[in-house]
2 protein chains.
Amino acid sequence: MPRPLIDLLWRDRPGATAGGSRGPRARYSTGDVVSRAIALADEGGLAAVTVRALAQSLELTAMSVYTHVNSRDDLLVLMADHAHGQMTTTPFGRSTWRTRVRRLAEDNLALLRDHPWLLGIDDPRTALGPGTIAKYDHELHAFDGTSISDIRRDAALTFVLDFVRSTAARTVMTPATGDFGELWEQSVDRLAGYLGDDFALAQRVGRAAGEAMGGPHDAERAWQFGLTRVIAGLGDLDSR
Amino acid sequence: MPRPLIDLLWRDRPGATAGGSRGPRARYSTGDVVSRAIALADEGGLAAVTVRALAQSLELTAMSVYTHVNSRDDLLVLMADHAHGQMTTTPFGRSTWRTRVRRLAEDNLALLRDHPWLLGIDDPRTALGPGTIAKYDHELHAFDGTSISDIRRDAALTFVLDFVRSTAARTVMTPATGDFGELWEQSVDRLAGYLGDDFALAQRVGRAAGEAMGGPHDAERAWQFGLTRVIAGLGDLDSR
DNA sequence: GTAAACCCTGTACAACGTACAGTACCGTCT
DNA sequence: AGACGGTACTGTACGTTGTACAGGGTTTAC
């Protein structure tokens with residue numbers, strides 16, 4: 001049985017509890033396995049990351065995967081932490097916390113665009129990994145120079161990241177999510193019949209929002225709308 | 001085969017396309033099936049809503065469920081829409097949009113507390129249902145009296161609801177989510193060993209946030225923090 | 001040289017969603 | 001009255017999933 005998850009997460013860091021040295025050499029390192037899994041996920045979404053598919057992609061049998069990883073859930077945590085560790089972060093430089101938060105949000109959006117499957121991983125154990133902790137540390141520094149308390153600093157960061165995640169979930173096209181446009185055109189007739197004149201406001205706003213959604217830069221506009229509101233909501237951190 | 005999803009969603013509304021009248025009477029109505037499914041989900045989470053379990057709970061065979069519903073995914077949409085339709089909404093009265101948004105957010109949090117499994121349903125087709133549309137309509141009215149545009153009205157509502165959903169996802173105890181406290185105490189030692197003195201800021205803030213998380217009213221505090229920021233972020237809708 | 005630890009394989013199981021074929025029932029049409 | 005056809009339901013079965021379990025071969029530690 002492989003080492004416990006925490007040790008796998010920290011496998012490359014100095015001081016890592018190494019695996020025993022006896023027995024045949026493994027054909028793949030843990031990192032290899034995680035990388036292949038990520039490649040599969042980038043291509044076909046989380047659903048494509050089955051133990052069997054991963055095994056085949058490594059030219060192993062299904063059960064051999066469990067030599068490197070304790071369970072599929074653990075694998076997902078390793079994937080997420082790896083992605084967090086590889087994330088490209090725009091350096092903050094000497095900017096204000098507002099532009100830092102903006103960059104941070106944009107970086108995270110890019111991350112979720114590159115790896116939409118991250119939206120499907122919601123395991124709290126991810127927070128134990130070095131990549132995730134490094135990311136957390138870096139992003140907390142966005143609020144340096146303000147007089148925000150530690151607890152609120154954490155809350156503020158969570159607030160920003162939650163916004164990014166929500167928006168990405170709606171924007172990003174997961175392989176699982178079929179095109180909503182098709183669905184819409186397909187059912188709008190019958191829906192109109194049912195609706196009649198009820199819910200006038202919903203119909204008016206829904207139509208406006210729906211039409212804009214087809215437009216060229218709507219996703220971008222929704223993003224800017226929200227991000228502006230997030231930053232405005234954080235208010236004047238400097239004087240508090 | 002049952003009627004298509006849209007017709008099932010609108011089954012109780014006047015003008016609904018009724019099912020054919022021939023054949024034996026069904027032992028259960030669509031509403032019965034959906035209600036039983038919701039009961040299962042309330043008890044054991046979405047994972048407990050298997051076709052077989054639902055069938056057993058109705059004293060049917062597994063395949064008979066498909067007489068009432070086209071697929072499990074459709075069933076989930078029906079469940080979500082039903083929950084949205086049953087949602088208790090605090091009337092807005094004559095209050096300002098700020099307190100309306102606050103109530104709206106609180107109502108939605110309560111909804112997600114009562115039915116945590118809603119967090120696991122992310123099907124856009126839910127938006128086609130009468131319950132969801134009624135909810136949408138009602139919540140859009142929160143911004144009545146302001147001069148906000150239709151598109152921004154939709155964006156603002158989405159912004160609020162996304163915040164609620166994110167916070168609920170972290171707060172609410174899903175049956176799937178084991179207690180994070182256990183996990184933490186179990187791995188904090190080894191983690192401390194790996195961390196050493198690196199990521200000082202993350203460690204300090206994480207400790208502060210972690211300790212507060214054990215505290216009695218932390219979830220409440222995080223909620224208030226975020227909600228205040230959401231409303232502040234929306235700014236002065238009256239003059240725009 | 002022996003024993004322990006390790007990588008890897010093959011077989012197998014339980015649970016899942018659901019396709020397909022068939023049976024009993026019932027309103028509708030001839 | 002009788003045939004038709006749509007409906008509710010059942011039973012069997014298939015493919016896919018994660019993974020438990022029992023070995024077999026290989027390498028290192030003692």
Side-chain angles (χ1 to χ4, degrees), chain A residues 1-5 7-8 11 17-33 36-37 40-41 44-79 117 120-121 123 176, chain B residues 1-5 7-8 11 17-34 36-37 40-41 44-79 120-121 123 176:
Chain A
M1 198 162 96
R3 288 164 280 167
L5 177 61
D7 296 321
L8 287 184
R11 74 200 106 98
T17 61
S21 55
R22 275 189 273 220
R25 274 193 296 282
R27 311 231 298 267
Y28 301 99
S29 71
T30 309
D32 292 337
V33 175
R36 284 295 319 123
L40 287 180
L46 262 198
V49 184
T50 68
V51 176
R52 283 175 176 83
L54 177 58
Q56 185 165 12
S57 160
L58 293 166
E59 297 180 294
L60 290 178
T61 60
M63 287 314 293
S64 301
V65 170
Y66 292 96
T67 309
H68 300 93
V69 155
N70 289 297
S71 69
R72 183 176 184 269
D73 284 349
D74 280 20
L75 174 67
L76 297 188
V77 172
L78 290 169
M79 290 168 62
W117 46 267
I121 303 180
D123 196 312
Chain B
M1 197 160 97
R3 289 164 279 168
L5 176 61
D7 297 321
L8 286 184
R11 73 199 105 98
T17 61
S21 56
R22 277 188 271 220
R25 275 194 295 284
R27 312 229 300 265
Y28 302 98
S29 70
T30 309
D32 292 336
V33 176
V34 173
R36 283 298 317 124
L40 287 179
L46 262 198
V49 184
T50 69
V51 176
R52 284 176 174 85
L54 178 57
Q56 185 166 13
S57 161
L58 293 166
E59 298 181 293
L60 291 178
T61 60
M63 287 314 292
S64 301
V65 170
Y66 291 96
T67 308
H68 301 92
V69 156
N70 289 295
S71 69
R72 182 176 184 268
D73 284 349
D74 280 21
L75 174 67
L76 298 188
V77 172
L78 290 168
M79 290 167 62
I121 302 180
D123 197 311

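Reminder, nothing fancy here: chain letters follow the sequence lines and each chain counts from 1.
Counting heavy atoms from C-beta on, the side chains of B/R72 and B/L76 come closer than 4.5 Å. Residues A/V69 and A/L78 meet the side-chain proximity criterion, which asks for heavy atoms closer than 4.5 Å.
Rounded to a whole Å, the CG atom of B/L54 is 12 Å from the P atom of C/dT18. One can place CZ of A/R3 at 13 Å from C1' of C/dC7, the figure rounded to the nearest angstrom. Atom CG in A/D73 sits roughly 12 Å away from atom C1' in D/dT19 (whole-Å rounding). If you take CG of A/N70 and C1' of D/dC21, they are 16 Å apart, rounded to a whole angstrom. Per the geometry, CG belonging to A/D32 stands 11 Å off P belonging to C/dC8, to the nearest Å. Between the C1' atom of C/dA12 and the OH atom of A/Y66 lies a distance of 14 Å, rounded to the nearest Å. Across the protein-nucleic acid pair, B/Q56 atom CD and D/dT10 atom P stand 13 Å apart, rounded to whole Å. Distance A/D74 CG to D/dG18 P: 14 Å, rounded to the nearest Å.
Side-chain N/O atoms of B/S64 and B/T61 include a donor and acceptor closer than 3.5 Å. In the model, B/T30 has no side-chain atom that pairs as donor or acceptor with a side-chain atom of B/R11 under 3.5 Å.
Looking at the side chain of B/R22, the nearest of the listed nucleotides D/dT17, C/dT9, D/dG6 is D/dG6. Nearest to the side chain of B/A62, among D/dT10, C/dT18, C/dC8, sits C/dT18. Which of C/dC26, D/dG25, C/dG17 sits closest to the side chain of A/P24 comes down to D/dG25. Each of C/dC8, D/dT19, D/dA8 was ranked by its minimum atom distance to the side chain of A/R52; first place goes to D/dT19.
Remark: B/I121 CD1 to B/L46 CG distance equals 5.0 Å, nearest 0.5 Å. Between B/D123 atom CG and B/M79 atom CE the span is 12.5 Å, to the nearest 0.5 Å.
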Toss me the dot-bracket line for DNA chain D: Watson-Crick and G-U wobble, both under 3.5 Å, 5' to 3', using | for pairs to another strand and [ ] for crossers.
|||||.|||||||||||||||||.||||||

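Backbone-only contact: B/T50 has heavy atoms under 4.0 Å from sugar-phosphate atoms and none from a base. Residue contacts for B/S21: at a heavy-atom cut-off of 4.0 Å it reaches the sugar-phosphate backbone alone, with no base atom in range.
Of the side-chain N and O atoms in A/H68, one or more sit less than 4.0 angstrom from OP1 or OP2 of C/dC8. Listed pair B/T61 / D/dG11 fails the phosphate criterion, with no side-chain N or O lying under 4.0 Å from OP1 or OP2.
Test A/L60, A/L8, A/L58, A/L75 against A/H68 for side chain to side chain contact (heavy atoms under 4.5 Å, CB included) and you get one pass: A/L60.
Each of A/R27 and B/M63 lies near DNA chain C, and the nucleotide nearest A/R27 is the one positioned closer to the 5' end.
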